Amino acid sequence: MKYDKVYTTPLNLRWPRDKEKILEEQARLSRRLSIAPLKRAPQYVAGVDAAFLGDKVIGAVSVYIYETGELVEEAYSVKEVTFPNLPGFLAFREGPAIIGAVERLKVVPDVIIFDGPGIAHPKGFGLASYVGLLLTIPSIGCAKTRLVGTYKEPGARQGSHSALKYEGESVGSVVRTREGASPVFVSPGNLIDLKGSVDIVLKCTGKYRITEPVRSADALTRKLKKAFEGDRSLGNA
DNA sequence: GCGACAG
DNA sequence: ATCTTGTCGC
Ligand SMILES: [Mg+2]
């Protein structure tokens with residue numbers, strides 16, 4: 001279709017003009033990811049999410065103490081939306097605002113959980129991988145639905161999981177975080193492996209399907225959005 | 001040409 | 001993701 005606005009990637013590549021270059025860039029960056037076990041147990045686990053308001057993106061982050069589940073800090077940032085909504089490129093829309101939020105934190109998270117995939121992506125470079133690579137912070141992709149890959153429905157009990165395969169590789173795990181609810185799609189983003197990702201997601205799961213850190217960030221995202229609606233200085237109204 | 005398709 | 005109140009099922 002046609003675009004009335006100039007959409008750009010954080011690397012000044014324009015859509016749809018530079019479509020091929022953008023795809024090459026995702027593939028190139030994915031090769032720089034490190035999918036390996038976490039060195040030491042995390043102390044701080046963060047959850048991130050984003051919301052949209054007009055042509056603005058609100059990124060939010062909630063940090064918890066991994067062992068106790070205590071909320072210790074939150075932050076957010078607002079950015080301009082610079083990329084259209086197309087499957088495979090979510091990172092270009094949410095990434096900037098999420099990165100901005102994490103950079104405003106006083107504490108540096110040991111691992112970050114995302115509302116979107118890591119390497120379970122067409123080019124092996126989903127939202128969690130993108131942010132995890134740019135910030136050099138271990139990241140976990142925890143998508144609500146499938147982007148790529150095939151799998152067998154996991155068992156009905158909480159904690160059940162099955163492999164998510166794509167192009168012959170086991171890129172993720174389909175995890176039943178809550179009984180009676182649809183499973184979640186876990187895949188490592190950067191600086192962590194699949195096993196460690198699943199362990200952390202389950203450890204951060206409370207009574208809901210979505211991980212507590214991400215739920216918290218999602219809640220913050222909406223509170224902020226509500227507070228910003230009708231705010232001329234933010235560009236809407 | 002017809003589906004699939006993160007949030 | 002977003003637009004939105006009540007309503008069906010466990
Ligand atoms: Mg989200």
Side-chain angles (χ1 to χ4, degrees), chain A residues 1 7 9 15-16 19 22-23 26 29-30 33 47-61 76 78-99 101 112-133 139-151 156 158 164-167 171-175 177-190 197 201 207-211 213-230 234-237:
Chain A
M1 71 171 265
Y7 286 114
T9 228
W15 182 274
K19 178 181 180 180
I22 292 172
L23 289 170
Q26 289 186 313
L29 292 173
S30 71
L33 297 172
V48 296
D49 195 18
F52 297 83
L53 180 56
D55 20 31
K56 296 289 191 303
V57 205
I58 302 170
V61 55
Y76 75 88
V78 179
K79 301 283 186 179
E80 198 83 25
V81 174
T82 63
F83 208 84
N85 174 28
L86 302 170
F89 306 98
L90 180 65
F92 297 136
R93 309 195 90 209
E94 300 193 353
I98 289 175
I99 289 174
I112 304 176
I113 303 176
F114 294 72
D115 179 26
I119 63 172
H121 171 280
K123 287 291 178 287
F125 203 61
L127 177 64
S129 298
Y130 179 96
V131 178
L133 182 68
S139 59
I140 298 171
C142 191
K144 295 187 292 296
T145 62
R146 182 197 76 94
L147 174 58
V148 297
T150 59
Y151 64 97
Q158 117 87 251
L164 175 62
K165 299 181 180 180
Y166 183 56
E167 297 181 328
V171 300
S173 186
V174 186
V175 186
T177 51
R178 171 177 180 160
E179 246 182 65
S182 54
V184 113
F185 298 73
V186 180
S187 62
N190 189 29
S197 297
V201 164
K207 56 183 298 188
Y208 301 99
R209 177 170 85 119
I210 304 304
T211 245
V214 172
R215 288 191 79 230
S216 176
D218 175 71
L220 175 54
T221 231
R222 287 187 277 210
K223 291 176 188 174
L224 291 168
K225 182 174 176 178
K226 211 169 186 180
F228 289 148
E229 298 184 319
L234 216 160
N236 58 107

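Sequence lines set the chain letters: A, B, ... in the order given, protein chains first and strands last, and positions in each chain run from 1. All values derive from a computational prediction rather than experimental measurement. Computed from heavy atoms alone, side chains included, the values below leave out hydrogens, waters and symmetry copies.
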* Asked: Which one of Phe52(A), Phe114(A), Phe83(A), Tyr130(A) satisfies the side-chain contact (heavy atoms from CB on, under 4.5 Å) criterion with Glu94(A)?
  -> Phe52(A)
* **Ile119(A)/Leu33(A) under side chain to side chain contact (heavy atoms under 4.5 Å, CB included): CA gap, chis, key distance, verdict** => CA-CA 9 Å; Ile119(A) 63 172; Leu33(A) 297 172; 3.9 Å; yes
* Take Asp218(A) and Ile210(A) through the side chain to side chain contact (heavy atoms under 4.5 Å, CB included) test and state the conclusion after the steps. => CA-CA 10 Å; Asp218(A) 175 71; Ile210(A) 304 304; over 6 Å; no
Could you list all N or O pairs between the protein and nucleotides 1-3 of chain C that sit under 3.5 Å apart?
| from | atom 1 | to | atom 2 | distance (Å) |
| --- | --- | --- | --- | --- |
| dA1(C) | OP2 | Lys144(A) | NZ | 3.3 |
| dT2(C) | OP1 | Phe52(A) | N | 3.4 |
| dT2(C) | OP1 | Lys225(A) | NZ | 2.8 |
| dT2(C) | O5' | Lys225(A) | NZ | 3.4 |

* Should we count CZ of Phe89(A) as having more than 12 external heavy atoms under 6.0 Å? -> yes
* Asked: Counting any heavy atom closer than 4.0 Å, what does Phe114(A) reach on the DNA or RNA strands: base, sugar-phosphate only, or nothing?
  -> nothing
* Asked: With sugar-phosphate meaning primed atoms plus P, OP1 and OP2, does Gly88(A) contact a base, only sugar-phosphate, or nothing at under 4.0 Å between heavy atoms?
  -> base
* Asked: So what's the dot-bracket for DNA chain C: Watson-Crick or G-U pairs under 3.5 Å, [ ] if a pair crosses, | if it pairs off-strand?
  -> ..........
Interface polar pairs with nucleotides 5-10 of chain C, N/O, under 3.5 angstrom:
none

* Asked: Are the aromatic rings of Phe92(A) and Trp15(A) close, with centres under 6.0 Å apart?
  -> no
* Quick check: does any side chain N or O of His121(A) sit under 3.5 Å from a backbone N or O of Gly88(A), one acting as donor and the other as acceptor? -> yes
* For Arg209(A), what residues pass the side chain to side chain contact (heavy atoms under 4.5 Å, CB included) criterion, not counting sequence neighbours? -> Lys144(A), Thr177(A), Arg178(A), Ala181(A), Ser182(A), Val184(A)
* Structure fact -> Students should find that the nucleotides of DNA chain B closing off the region near chain A, any atom under 4.0 angstrom from a heavy atom, are dA4(B) to dG7(B)
With a 4.5 Å limit on heavy-atom distance, are the side chains of [X] and [Y] in contact?
X         : Y         : answer
Cys142(A) : Val186(A) : yes
Lys56(A)  : Glu80(A)  : yes
Ser187(A) : Val171(A) : no
Ser139(A) : Val131(A) : no

* To do: Would you please test Leu164(A) and Tyr166(A) for side chain to side chain contact (heavy atoms under 4.5 Å, CB included) and show each step?
  => CA-CA 7 Å; Leu164(A) 175 62; Tyr166(A) 183 56; over 6 Å; no
* Structure fact -> What one should report as the nearest heavy-atom pair of Val48(A) and Ile112(A) is CG1-CG2, 3.7 Å
* Asked: Is Arg146(A) positioned over the aromatic face of Tyr151(A), cation under 6.0 angstrom from the ring centre and no more than 45 degrees off axis?
  -> no
* **Residues Arg93(A), Asn85(A); criterion side chain to side chain contact (heavy atoms under 4.5 Å, CB included); working and verdict** => CA-CA 7 Å; Arg93(A) 309 195 90 209; Asn85(A) 174 28; 3.5 Å; yes
* Asked: For DNA chain B, which consecutive runs of 3 or more Watson-Crick or G-U pairs (each distance under 3.5 Å) count as stems?
  -> none
